[in-house]
There are 2 protein chains.
Amino acid sequence: MPDDEGHPSVDEMQLGNVLSALSDPLRRRVIRELSLAPVGCERTCASFELPVSKATTTHHFKVMRESGLIRQVNRGNSRAAQLRIDDIENRFPGLLDMIRSEQGMTK
Amino acid sequence: MPDDEGHPSVDEMQLGNVLSALSDPLRRRVIRELSLAPVGCERTCASFELPVSKATTTHHFKVMRESGLIRQVNRGNSRAAQLRIDDIENRFPGLLDMIRSEQGMTK
DNA sequence: TTTAAGGTACGAGTCAAATCGTACCTATGG
DNA sequence: CCATAGGTACGATTTGACTCGTACCTTAAA
């Protein structure tokens, strides 16, 4: 059972949810940026400057959080998002590499 | 440019299309069965007996074909579907293993 | 030649996902 | 204290995906 913030444990991660989460270009862009940053990097939702409204941004981060791709922790004022690198790599080896090396996302 | 039957070349395969294709449980089931069968295995769409209409089955196979996951070749009467194992493994290493080992698909 | 099986094409319905605006909460920094 | 930045929650809209029925095509087999 996911914790009260919606994070599934490693074992609770479902391939279907992960693939659905990653089928959206904006979410893939977020995961890509996180996976390209130094390990342990933390970023706020807003820092990605997605070309959508605040409400939609929240929605996307919720999908990523509930699929297990990211962890969001309260940092007083804001919520820091971090990639669950080890969990993803354990359950779905190679997946992050695919996202990282996606073509046409150079921007 | 995809051939006249809608097959993209290896280089034309797009991560986004592949992930979208795999985000549907029925299509994942097809890919899973194909990846579990002997290499080079050919099967008709109908042989999967998806719990949907013929028209819908055609739709799902079109999505998989246009994303590059399968190849469909005319066999006179019917069209044989085969998994593009090497192409997938080259472009997206590890992806087939994920599908193959998905939990809760034992059925 | 007739029947049936495997598929496709089209239009239409339905439901989930993405999007937004607004209102609201919380903490930090003047 | 007050303004502001980062986020969430809610309801509403829109868009796209999945679905279907029907009509139609092609080939193999009876």
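A note on names: the letters A, B, ... follow the listed sequences, proteins ahead of strands, and every chain is numbered from 1.
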Undergrad: Grab the CD-C1' distance between B/Glu5 and C/dA9 for me, whole Å please.
TA: 16 Å
Undergrad: To the side chain of A/Lys54, which of D/dT19, C/dG21, D/dT8 is closest?
TA: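 Ranking D/dT19, C/dG21, D/dT8 by closest atom to the A/Lys54 side chain puts D/dT8 first.
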Undergrad: Quick one: on DNA chain D, does A/Asn77 or A/Gln72 contact a more 5' nucleotide (nearest heavy atom)?
TA: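 By nearest-heavy-atom nucleotide position, the 5'-most residue is A/Asn77.
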Undergrad: Could you state the atom-to-atom distance from CZ of B/Arg79 to P of D/dC25 in whole Å?
TA: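 Going from CZ in B/Arg79 over to P in D/dC25 covers 17 Å.
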Undergrad: How long is the line joining NE2 of A/His59 and C1' of D/dG6, in whole Å?
TA: 19 Å
Undergrad: Are B/Val30 and B/Leu26 co-members of a hydrophobic cluster defined by side-chain heavy atoms under 4.5 Å apart?
TA: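 Yes, B/Leu26 connects to B/Val30 through the hydrophobic network.
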Undergrad: Given side chains that start at C-beta, do those of A/Ile70 and A/His7 come closer than 4.5 Å, heavy atoms only?
TA: no
Undergrad: Return the nearest nucleotide to the side chain of B/Thr58; candidates are C/dT8, C/dG6, D/dT19.
TA: C/dT8
Undergrad: Distance check needed: C/dA17 P versus A/Arg28 CZ, whole Å only.
TA: 17 Å
Undergrad: Looking only at side-chain atoms of B/Thr44, point me to the closest of D/dG21, C/dT19, C/dG7.
TA: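 Shortest atom-to-atom distance from the side chain points to C/dG7.
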Undergrad: Measure the distance from CG on B/Asp24 to C1' on D/dT19 and round it to the nearest whole Å.
TA: 11 Å
Undergrad: Is any side-chain heavy atom of A/Arg71 closer than 4.5 Å to a side-chain heavy atom of A/Asp87?
TA: yes
Undergrad: Out of C/dG6, D/dG21, C/dG21, which has the shortest distance to the side chain of A/Ser53?
TA: C/dG21
Undergrad: Quick one: A/Lys62 NZ to C/dT19 P, roughly how many Å, whole number?
TA: 15 Å
Undergrad: Both A/Gly76 and A/Val52 contact DNA chain C. Which one's nearest nucleotide lies toward the 5' end?
TA: A/Val52
Undergrad: Base, sugar-phosphate, or nothing for A/Arg27, non-hydrogen atoms under 4.0 angstrom?
TA: sugar-phosphate
Undergrad: Using a cut-off of strictly less than 4.0 Å, decide whether B/Arg75 has a side-chain nitrogen or oxygen near OP1 or OP2 of C/dG6.
TA: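 So the side chain of B/Arg75 is outside the cut-off, no N or O lying under 4.0 Å from OP1 or OP2 of C/dG6.
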Undergrad: Nearest to the side chain of A/Ala55, which nucleotide is it out of D/dC20, C/dT8, C/dT22?
TA: C/dT22
Undergrad: Between C/dG7 atom P and B/Met64 atom CE, what is the distance in whole Å?
TA: 11 Å
Undergrad: Taking the six-membered ring of B/Phe48 as reference, does the NZ or CZ atom of B/Arg29 fall below 6.0 Å from its centre and within a 45° cone about the axis?
TA: no
Undergrad: Could you state the CZ-C1' distance from B/Arg65 to C/dA9, rounded to the nearest angstrom?
TA: 12 Å
Undergrad: Are any of B/His60's side-chain N or O atoms less than 4.0 Å away from OP1 or OP2 of D/dT19?
TA: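 The answer is yes; a side-chain N or O of B/His60 sits under 4.0 Å from OP1 or OP2.
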Undergrad: Which distance, rounded to the nearest 0.5 Å, do you find between the OG1 of B/Thr58 and the NZ of B/Lys62?
TA: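 Reported value, rounded in 0.5 Å steps: 10.0 Å.
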